[in-house]
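Chain letters run A, B, ... following the sequence lines, proteins first and then strands; every chain starts at 1.
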Amino acid sequence: MNRFRLSDATIDVGTERNALDHAAAGACVGFEGWVRNHNDGRAVLQLGYQAYAPLAEREGEAILAEAMARFRLREARCIHRVGLLAIGDLAVWVGVSADHRDAAFEACRWIIDEVKRRVPIWKNEHYADGESGWLHPDNTPAGI
Amino acid sequence: MNRFRLSDATIDVGTERNALDHAAAGACVGFEGWVRNHNDGRAVLQLGYQAYAPLAEREGEAILAEAMARFRLREARCIHRVGLLAIGDLAVWVGVSADHRDAAFEACRWIIDEVKRRVPIWKNEHYADGESGWLHPDNTPAGI
Amino acid sequence: MNYRLLYFASLADRAGCASEDRDSDAPTPRELYAEIAKIHDFAFTATRLRVAVNGALVDWGHRLAEGDEVVFLPPVSGG
Amino acid sequence: MNYRLLYFASLADRAGCASEDRDSDAPTPRELYAEIAKIHDFAFTATRLRVAVNGALVDWGHRLAEGDEVVFLPPVSGG
């Protein structure tokens, strides 16, 4: 089952969401992460995403399997872009369907949180002042 | 500002979501309510939605204005179908964009909850056993 | 006074019509509903309904005027 | 033993390469990172990293084998 994938091409949400269709599903929640023109007070011009692909796909697939087991879902999907992206581009899409909206909202939120926390993908921000830098948020207790 | 509307034709989410685009927005959350093939243990064949249109539009517009004020959003939209719908049809769509995903998830959930609670729209379920009936969930303390 | 009444969902089924004009001495929606509920045998108590006059929600004690459009709203089920 | 090392994000910038083959006596990722961090002047302490061997996450005490692909993963920033 391939519920997660990396993509180096534009994500077509209209096509992808068809995978969520189910006659018993009454609720579908979708999350789109877009490239913003600002971060932490700095103007951003574009973004680069790099992934350790084999592990990213394994971790992404594991997250979606966990979501299917934890929540009462009919289907769940996630696609994450890699490569260079412009402002407004879709960087990540999560879509879930469920009989009821409680499960759909909770699962969609849980999936994007886990993807951001666990999947080996890194963001390189290119700033308006000419600098660029890899983002490495510190989620561990120990500092550098 | 028209952020809410009733529609007697199919909702084209791909087109509608363009209204949410904003260069400063990093998160977009969408909710789709689909016609399910079951409710409360009974098989459903199709649905009819009836609205008291002038008040539905006024209430819907008020809910979206409240959402814009309560949450840190860039944009918010909602479209609700009226008329006869088949299984799998999109009955209601809510879309919001925000700088951060916390606000986007919370606002999208809040809007669909308020729409279901306040907007004068009624659902007539047509069951497989030939019966049909208007749904009037009881949200008030006093019984019939 | 003459009022225009609109009915939706099960109230329209029970009334057998989507709208009607009625002469009534009821000064507020409260009295008007009591009168109408008897005529059409509506099962809902007023506590389960909301009421709108001329397209806006009002209190049950709202003073009605000649020609008002009055709608008794059963519990909604959109979404 | 010979290991294949892959570098990502700021570790690739610091190492000046995306991958390299290295001979090392380090029996586990813990010892291997200490050795590599010194060579490339990596600023991250191991506590801020995760480690993968042959495409799967492992503990820092995992026993390495000849030819293993070892990746030290800096904190991720997808989404």
Discussion item. Donor-acceptor pair, distance only, cut-off 3.5 Å: does the side chain of S10(D) make one with the backbone of W134(A)?
Written reply: no
Worksheet item: Is it true that atom CG of D25(D) has more than 12 heavy atoms of other residues, nucleotides or ligands lying nearer than 6.0 Å?
Response: no
Practice prompt. Can you label the angle between the H136(A) ring and the F44(D) ring as parallel, tilted or perpendicular, going by 30° and 60°?
Written response: perpendicular
Fill in: Taking every non-hydrogen atom, the tightest pair across V76(D) and P120(A)
CG1-CA, 3.5 Å
Worksheet entry | R58(A) to A56(D) - nearest heavy-atom pair and separation | NH1-CB, 2.9 Å
Worksheet item: Is the CZ atom of R4(D) crowded by more than 12 outside heavy atoms at less than 6.0 Å?
Response: yes
Worksheet item: Which answer fits A9(D), side chain, backbone, both or neither, if we ask what part of it has an atom under 4.5 Å from a heavy atom of chain A?
Response: both
Worksheet entry | Which atoms of A51(A) approach chain D - backbone, side chain, both or neither, heavy atom under 4.5 Å | backbone
Discussion item. Tell me whether the count of non-hydrogen atoms from other residues, nucleotides or ligands lying under 6.0 Å of CG in D21(A) goes above 12.
Written reply: yes
Fill in: Donor-acceptor under 3.5 Å (Y49(A) side chain, S77(D) main chain)
no
Worksheet item: Does any heavy atom of chain A fall under 4.5 Å from the side chain of L6(D), the backbone, both, or neither of them?
Response: side chain
Practice prompt. Kindly say whether R118(A) contributes a backbone atom to a donor-acceptor pair with the side chain of R50(D) at under 3.5 angstrom?
Written response: yes
Practice prompt. Name the region of E57(A), side chain, backbone, both or neither, that has any atom closer than 4.5 Å to a heavy atom of chain D.
Written response: neither
Response to the item:
Of all heavy-atom pairs linking L73(D) and Y52(A), the shortest is CD2-CD2, 3.9 Å
